[in-house]
Amino acid sequence: MSKPIIVNKFGGGILTKEFIPLMKKRIEEQVKKGNQSIAVVSAMPKVTDEILNFLSSLKENYDRKLIESFAQNLLNRHKQIVKDIQISKEYEDEVFTQLENVMTKLEDDLKIDHKKTEGKVGAVTNALEDKVVSCGEKLSAIIMTYYFKSNNLNAKEFIAEEIPIITDDHFKNANIDYLVSSRNVKNKIKEKEEVVVIPGFTGITNDGEVTTLGRGGTDTTACFVGAALEAKRVILWKDVGGVLSADPKIVKTAKTIPFISYLEAEEAGKIIHDKAIQYVKMHKTEIEIASIANPKLTTKIGEIKKKEKGAKIVSIKKDLNLLLITDEVIKVNDLLLLVCDIFKKHKVEMILVSNTRYSLQIVAEKNDEIEKVYNEIKSKVEKIELIKASMVFLVGNFEAKDVNDFNSLLVKLGTDLQISAFYFENCKRIEAVIRTDNIEKVVNNLYKKFIKK
Ligand code: ASP
Ligand code: MG
């Protein structure tokens with residue numbers, strides 16, 4: 001019988017000298033218990049951002065020297081990590097050669113493109129960007145593979161191109177072809193004796209072009225691999241203790257929640273990457289968000305087993321933009337159409353929309369383009385106002401009474417309630433838009449009232 005499989009996702013935030021030894025420890029524990037362990041890794045801290053920033057500057061100033069110095073710098077930093085985490089001397093040459101190979105390829109890719117396009121501004125295409133950005137994950141997967149090896153854990157790296165994890169050609173935000181890729185993963189990886197290390201966030205098109213899966217895409221790779229192999233569990237390791245009932249910087253007594261459903265996790269946001277969750281839902285794979293330092297602090301995410309009532313999480317979104325639009329001539333349908341087009345044009349995301357007969361209230365994300373949206377709508381409607389606001393919300397299972405209590409409390413706290421919460425069937429999230437200078441006080445009051453001790 002084949003062994004149960006555990007897929008571990010190690011994100012950039014914990015790929016540090018302090019936590020890397022703990023990753024080895026967690027994998028070792030799994031292997032000892034008879035599991036097959038897989039590690040899906042992100043790029044080292046800040047590396048993806050740095051590569052992207054470098055590519056932006058290259059778009060404006062396409063300079064060979066810049067490419068060389070950037071590549072050298074990135075290589076040296078990764079070599080330093082190899083030394084910092086004390087990969088044994090026995091492997092040092094090998095690991096350095098492999099890191100150098102990735103960087104040489106990166107330099108070549110950039111320079112070949114430079115030649116082809118004669119260094120024109122804007123020559124960095126999305127396809128080239130993906131090829132280069134994906135190196136971050138490749139470098140860290142090499143390091144982690146050798147780190148495991150040098151600590152007596154037999155490990156082997158499989159990059160997305162050789163598995164292969166096939167995606168469409170939406171560069172920078174590609175989608176995995178599940179049917180083909182899951183078969184490939186099974187063939188390549190199932191029943192491997194070694195700890196399999198996979199660089200996350202990357203894929204390849206049928207035409208052999210490297211793609212990336214969207215920012216934070218290592219979650220997507222991990223959940224995809226978990227689903228493809230029908231893993232017993234996917235563990236997303238963090239430096240904090242699972243999913244907390246509130247931001248501990250605001251609520252001192254915030255605690256780790258033992259269990260939330262897939263739906264609640266989606267409603268809470270920021271827990272698992274949007275694209276990732278579809279895969280684990282498919283085979284009802286259990287997910288765990290666990291603290292790398294203290295694995296007892298963990299939140300399990302799965303199918304609802306028993307119906308629980310009430311709130312589990314209190315959260316906020318600050319610095320949002322609220323547009324209050326009124327027009328007594330344009331019908332609300334047309335008004336909405338008009339407004340949506342303008343939001344779309346400026347790529348500003350709407351978070352919440354509510355309306356009356358002659359008015360629209362739209363909450364939009366924090367985005368500098370909002371001024372343009374505002375000005376353009378202003379030129380077309382009778383009246384518009386743009387104000388800063390915050391959203392407070394609860395995640396859990398709610399009844400109509402909870403929604404009333406929530407709104408009443410916000411009014412009582414003098415929060416200048418702009419959009420109140422409303423009830424709907426099977427309500428998993430209640431949210432309201434408020435204006436207040438003391439959001440901490442509001443959150444603490446909501447916590448006291450709604451979260452069970
Ligand atoms: N390194 C990629 C990013 O920063 C993928 C990830 O971290 O999940 O977006
Ligand atoms: Mg990252």
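Residue numbers run from 1 in the order of the sequence given. Order of listing sets the numbers, starting from 1, for every ligand and every atom in it.
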Return yes when Gly200 approaches ligand 1 closer than 4.0 angstrom through a heavy atom, no otherwise.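 Gly200: no contact with ligand 1 (<4.0 Å).
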
What do you reckon, does Gly12 put a non-hydrogen atom under 4.0 Å from ligand 1?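 The answer is no, since Gly12 has no heavy atom less than 4.0 Å from ligand 1.
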
Cation-pi, Phe96 ring and Lys79 (6.0 angstrom, 45 degrees):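 Satisfied, under 6.0 Å and within 45°.
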
Salt-bridge criterion met for Lys105 and Asp109 (N-O under 4.0 Å):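 Yes.
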
Hey, are Glu264 and Lys428 close enough for a salt bridge, meaning a charged N less than 4.0 Å from a carboxylate O?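 No.
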
Using a 4.0 Å cut-off to any heavy atom of Ser42, which atoms of ligand 1 qualify?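 Answer for ligand 1: 6 (C), 7 (O), 8 (O).
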
With Lys186, which residues qualify under side chain to side chain donor-acceptor pair (under 3.5 Å), at least two apart?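 With neighbours one apart ignored, the set is empty.
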
Ligand 1 versus Thr48: contacting region, heavy-atom distance under 4.0 Å: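 The part of Thr48 near ligand 1 is the side chain, not the backbone.
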
If hydrogens are left out, which of Met44, Glu137, Arg215, Lys9 has an atom nearest to atom 2 (C) of ligand 1, that is, the closest non-hydrogen atom?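 Nearest option to atom 2 (C) of ligand 1, by heavy atoms: Glu137.
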
Going by the salt bridge (charged side-chain N to carboxylate O under 4.0 Å, His left out) test, which pairs reach into residues 155-180, not counting sequence neighbours?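 Applying salt bridge (charged side-chain N to carboxylate O under 4.0 Å, His left out) to every pair that reaches into residues 155-180, excluding sequence neighbours, yields Glu129-Lys172, Lys138-Glu161.
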
So is there a nitrogen or oxygen of Gly214 less than 3.5 Å from a nitrogen or oxygen in ligand 1?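 No: no nitrogen or oxygen of Gly214 is under 3.5 Å from one in ligand 1.
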
